[in-house]
Amino acid sequence: MPGIASRLTKIRNTLPHGVELLAVSKTHPVESMLEAYNAGQRLFGENKVQEMVLKHSQMPDDIQWHFIGHVQTNKIHLMAPFVSVIQGIDSYRSLAETDRQAARFGRTITCLLQIHIATEETKFGFMPDECIEMLGQGEWKSLDHIVIGGVMGMASNTNDEKQVYSEFQTLTNLFNTMKQRFFSDSPAFHVISAGMSGDYVLAVKAGSNMVRIGSQIFGERNYSV
Ligand SMILES: *Cc1c(COP(=O)(O)O)cnc(C)c1O
């Protein structure tokens with residue numbers, strides 16, 4: 001895919017200071033990822049564990065790998081040796097399993113809590129109340145090999161910008177509530193991961209500080225490969 005470096009630069013130039021760019025490379029070959037890497041990109045996101053494991057073995061060592069898909073607990077052990085951030089934590093069970101697997105490798109894995117903010121039922125995530133309740137129960141405090149780094153959300157797939165913006169705002173408000181109630185002493189809890197190729201400008205306006213961009217960097221995905 002020609003032009004990856006220039007697309008990256010273009011996107012970076014539109015992001016305010018303090019907003020991180022995760023390059024979502026799922027389905028794209030390592031050759032494309034290397035183009036992004038050579039243009040300075042170090043944060044990459046994948047949503048299939050086996051694909052990420054394979055690419056990890058082929059790419060340079062100083063990459064931060066983010067898992068952004070729905071987490072199947074029986075696959076966490078495969079990525080536990082190297083994954084930096086798991087963005088799709090949507091149950092206490094996967095949080096606890098990530099802790100257990102990170103401990104086996106003497107590591108600490110950052111986890112983002114995925115919140116269901118869209119109206120579609122197909123999107124994974126905690127309902128906001130459910131997430132607050134889980135945090136209120138406090139068991140997570142005994143997990144020594146994970147750090148809760150913030151929240152992640154996906155807005156509805158709609159052209160209604162008002163709705164999308166308001167869903168992103170819901171995520172930011174929830175982040176603020178959680179920060180105040182559970183993480184006021186934790187500088188690590190700082191990430192609001194929101195916004196993809198089609199809606200990241202709105203997400204950033206609503207408070208996102210990490211955007212996850214795939215097709216605007218690498219081109220359209222071909223799921224049949
Ligand atoms: C695929 C994906 C993205 C990137 O989508 P684009 O529209 O290609 O930018 C972002 N977040 C998640 C969770 C994804 O699965």
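The first residue in the sequence is number 1, and the count goes up from there. Start at 1 and go down the list; that is how both ligands and their atoms are numbered. Since the structure is predicted, the reported quantities are computational estimates derived from the model, not experimental observations. Heavy atoms only: backbone and side chains are in, while hydrogens, waters and symmetry mates are out.
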Going by ring pair (Phe, Tyr, Trp, His ring centres under 6.0 Å), name the residues that satisfy it together with His66, two or more places apart in sequence or in a different chain.
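Per chain and number, His66 pairs via ring pair (Phe, Tyr, Trp, His ring centres under 6.0 Å) with no residue.
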- Message: Measuring only between side-chain heavy atoms, which start at C-beta, is Ser94 closer than 4.5 Å to Ser91?
- Response: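 Side-chain contact under 4.5 Å: yes.
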Check the pair Phe105 / Phe82 against ring pair (Phe, Tyr, Trp, His ring centres under 6.0 Å), numbers first and verdict last.
-> CA-CA 9 Å; Phe105 296 98; Phe82 66 89; 9.7 Å; no
Atoms of ligand 1 close to [X] [distance to a heavy atom under 4.0 angstrom, numbered from 1]:
X: Ile213; answer: 9 (O)
X: Arg212; answer: 4 (C), 9 (O), 10 (C), 11 (N), 12 (C), 13 (C)
X: Ser197; answer: 6 (P), 7 (O), 8 (O), 9 (O)

Min N/O separation Asn47 to ligand 1 under 3.5 Å: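 No.
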Original post:
For ligand 1, is there an N or O atom under 3.5 Å from any N or O atom of Gly214?
Top reply: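 Yes, Gly214 has an N/O under 3.5 Å of an N/O on ligand 1.
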task = With sequence neighbours excluded, give me every ring pair (Phe, Tyr, Trp, His ring centres under 6.0 Å) pair touching residues 134-163.
result =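 Pairs touching residues 134-163 that pass the test: Trp140-Phe183.
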**Message:** I need the single residue from His116, Gln114, His70 that forms a side chain to side chain donor-acceptor pair (under 3.5 Å) with Asp90. Which is it?
**Reply:**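 It is His70; the other options fail the test.
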* Asked: Is Lys26 in contact with ligand 1, taking contact as a heavy-atom separation below 4.0 Å?
  ->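 Checking ligand 1 against Lys26, which is what was asked, there is a heavy-atom contact under 4.0 Å.
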